[in-house]
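Note that this is a predicted model, so its numbers are computed, not measured.
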Amino acid sequence: DYFPGALRRYDEAIKKHPLRREIVATLLSNDIVDRAGPTFVLRAQQETGHDAADVARAFAIVRELFSLDALWTEVESLDNQLPASAQYAMLFQAGRMLRQAAYWLLQHQTAELDVGDRVAALKPSVVKLLGRLGTLLKGAPKRRLRGVIAEYERLGVPAGLAGRIAGLSAAITILDVVDLAGETSRSPDFVARVYLGIGRGLNLAWLRAEIENLEVRGRWQAAARRHLRTELQEVHRSITADRLRRSRADTPDELVMKWLSEHGAQIQRAKGMLLDIQSRESADFATLTVAVRELRQLIG
């Protein structure tokens, strides 16, 4: 795509261009700065221990998994058709998801990231689950998703685009589900029902939203929020993985109900704590850290 249209007929010759690697690196570097921010690579290196090349690969994988190029093009094509604030909000949501998903890939990789292989392995399931979000989500998470879509539509965003932008908030959940499906040899749909059922049982969507809404000042508070979000995700993932490995015969609902009954006293204590936090005007870092640590007691 770097070359003018008239030259693209020489596809094979272009692939052998002596500056092929430099052209790719330049275009990818520009995209990373434009879409994830100028400090993204440095911070990701510092916090994950990976080098710049791995961070760039993670960026490229997420961009392809969630078809972000097409999404950005559609958002930017609405110039002068809806408030700029609505476009900024959509671009911000896409950029935040991209950064979080790239961190997820870097934290969960077990071998060198290969862009083509990872996209081929993950994208079919990611696309399928994104398309089924409206069916899989229930209760408060579903109402929250509908509320976000309605707010975008109120600003004039086309319904399809509004749904895709709102669905990006579930990106980490989808990546966790697809990864767990591979680990446990279960279908992504089955894993999603167990994962989301446990989340509803503990009201984790509310807690996750409170963490996301924490006000941060400077890089260290931003890092603290990111680590808190990751810890909650790991608790949710660990409980789900444990349930999936315990029985091959139960339905998703049965797996969730058995877990809720087996840990009834602990779950009631944890939910009581969350209700107490909800009754307050706002939650701070210390309060939410205690909440996540309390939930960690449910593992195992």
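Pairs engaging residues 136-156 under the salt bridge (charged side-chain N to carboxylate O under 4.0 Å, His left out) rule: Glu151-Arg154 [sequence neighbours left out]. Evaluation of the ring-ring contact (aromatic ring centres under 6.0 Å, His included) test over residues 82-107, restricted to residues two or more places apart or in two chains, returns Trp104-His108. Pairs engaging residues 177-203 under the ring-ring contact (aromatic ring centres under 6.0 Å, His included) rule: Tyr195-His236 [sequence neighbours left out]. Screening residues 2-25 for ring-ring contact (aromatic ring centres under 6.0 Å, His included) gives Phe3-His17 as the qualifying pairs, with residues at least two apart or on separate chains.
Contact record, Gly116 with Asp114: N-OD1, 3.2 Å, taken as the closest heavy-atom pair. Ala94 approaches Leu71 most closely through the heavy-atom pair CB-CD2, 4.4 Å. Nearest heavy atoms, Ala52 versus Val41: CB-CG1, 3.9 Å. Contact between Arg186 and Leu244 at its shortest, heavy atoms only, is NH2-O, 3.0 Å. Annotation for Thr240 and Leu180: closest pair CG2-CD1, 4.0 Å, computed over non-hydrogen atoms. Considering all non-hydrogen atoms of both residues, Pro158 and Leu78 come closest at CD-CD1, 4.0 Å.
Scanning for side-chain hydrogen bond (donor to acceptor under 3.5 Å, both in side chains) contacts around Asp34 gives an empty result, with sequence neighbours left out. Residues passing the side-chain hydrogen bond (donor to acceptor under 3.5 Å, both in side chains) test with Gln45: none are found, sequence neighbours excluded. For Asp79, the side-chain hydrogen bond (donor to acceptor under 3.5 Å, both in side chains) partners two or more places apart in sequence, or in a different chain, are Gln87. When the side-chain hydrogen bond (donor to acceptor under 3.5 Å, both in side chains) test is applied to Arg132, the partners found at least two apart in sequence or on another chain are Asp189. Applying the side-chain contact (heavy atoms from CB on, under 4.5 Å) test to Val148 and every residue at least two apart in sequence or in another chain returns Tyr152, Ala166.
In summary, Asp11 and Lys15 engage in a salt bridge, as defined by a charged side-chain N under 4.0 Å from a carboxylate O. Under the 4.0 Å criterion applied to side-chain N and carboxylate O atoms, Arg243 and Glu262 are assigned as salt-bridge partners.
Side-chain contact between Ile267 and Trp259: present, with at least one pair of heavy atoms (C-beta onward) separated by less than 4.5 Å. You'll find the side chain of Leu145 reaches within 4.5 Å of the side chain of Ile149, heavy atoms only. The shortest side-chain heavy-atom distance between Ser169 and Met97 does not fall under the 4.5 Å cut-off. Between Glu210 and Ile277 the shortest side-chain heavy-atom distance does not fall below 4.5 Å. Using a 4.5 Å cut-off on side-chain heavy atoms (C-beta onward), Val24 and Arg21 make no contact.
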Can you give me every donor-acceptor pair (side chain of residues 120-130, partner residue at least two apart or in another chain, under 3.5 Å) with its distance?
| unit_1 | atom_1 | unit_2 | atom_2 | d |
| --- | --- | --- | --- | --- |
| Lys123 | NZ | Glu64 | O | 2.8 |
| Lys123 | NZ | Ser67 | OG | 3.3 |

Taking only distance into account, with no hydrogens and no angle test, what donor-acceptor pairs under 3.5 Å do side-chain atoms of residues 217-228 form with protein atoms, sequence neighbours excluded?
| unit_1 | atom_1 | unit_2 | atom_2 | d |
| --- | --- | --- | --- | --- |
| Arg219 | NH2 | Gln46 | OE1 | 2.6 |
| Gln221 | OE1 | Arg217 | N | 2.6 |
| Arg225 | NH1 | Glu212 | O | 3.3 |
| Arg225 | NH1 | Leu214 | O | 3.0 |
| Arg226 | NE | Glu47 | OE1 | 2.9 |
| Arg226 | NH2 | Glu47 | OE1 | 3.0 |
| Arg226 | NH2 | Glu47 | OE2 | 2.5 |

Report, one line per pair, each donor and acceptor closer than 3.5 Å where one atom sits in a side chain of residues 54-63; sequence neighbours left out.
| unit_1 | atom_1 | unit_2 | atom_2 | d |
| --- | --- | --- | --- | --- |
| Asp54 | OD1 | Arg57 | NH1 | 3.0 |
| Asp54 | OD2 | His50 | ND1 | 3.2 |
| Arg63 | NH1 | Asp31 | OD2 | 2.7 |

Derivation of the side-chain hydrogen bond (donor to acceptor under 3.5 Å, both in side chains) call for Gln93 and Arg96: CA-CA 5 Å; Gln93 177 66 16; Arg96 179 168 62 180; 2.9 Å; yes
Derivation of the side-chain contact (heavy atoms from CB on, under 4.5 Å) call for Asp250 and Lys258: CA-CA 10 Å; Asp250 293 327; Lys258 284 183 179 181; 2.9 Å; yes
Val256 and Leu196: CA distance, side-chain angles, deciding distance, side-chain contact (heavy atoms from CB on, under 4.5 Å) verdict: CA-CA 9 Å; Val256 173; Leu196 295 172; over 6 Å; no
Ile23 vs Leu27, side-chain contact (heavy atoms from CB on, under 4.5 Å): CA-CA, chis, key distance, verdict: CA-CA 6 Å; Ile23 291 170; Leu27 292 174; 4.0 Å; yes
Candidate pair Glu183 and Arg245, rule side-chain contact (heavy atoms from CB on, under 4.5 Å), full reasoning: CA-CA 10 Å; Glu183 284 186 9; Arg245 294 188 180 105; 3.3 Å; yes
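The distance from atom CD1 of Ile239 to atom CG of Leu295, rounded to the nearest 0.5 Å, is 7.0 Å.
The hydrophobic cluster containing Met257 also contains Leu136, counting ILVMFWY residues as joined when their side-chain heavy atoms lie under 4.5 angstrom apart, directly or transitively. By the rule that hydrophobic residues join a cluster once side-chain heavy atoms approach within less than 4.5 Å of another member, Ile32 and Leu42 end up as members of separate clusters.
Proximity of a side-chain donor or acceptor of Thr289 to a complementary backbone N or O of Phe285 within less than 3.5 Å is detected. Side-chain atoms of Asn213 come within 3.5 Å of backbone N or O of Ala209 as a donor-acceptor pair. Checking side-chain atoms of Arg8 against main-chain N and O of Asp1 turns up a donor-acceptor pair under 3.5 Å.
When the options Leu161, Asp69, Ile165 are evaluated for a side-chain contact (heavy atoms from CB on, under 4.5 Å) with Glu74, the one that passes is Leu161.
With 3.5 Å as the limit, one finds no donor-acceptor pair spanning the side chains of Thr173 and Asp176.
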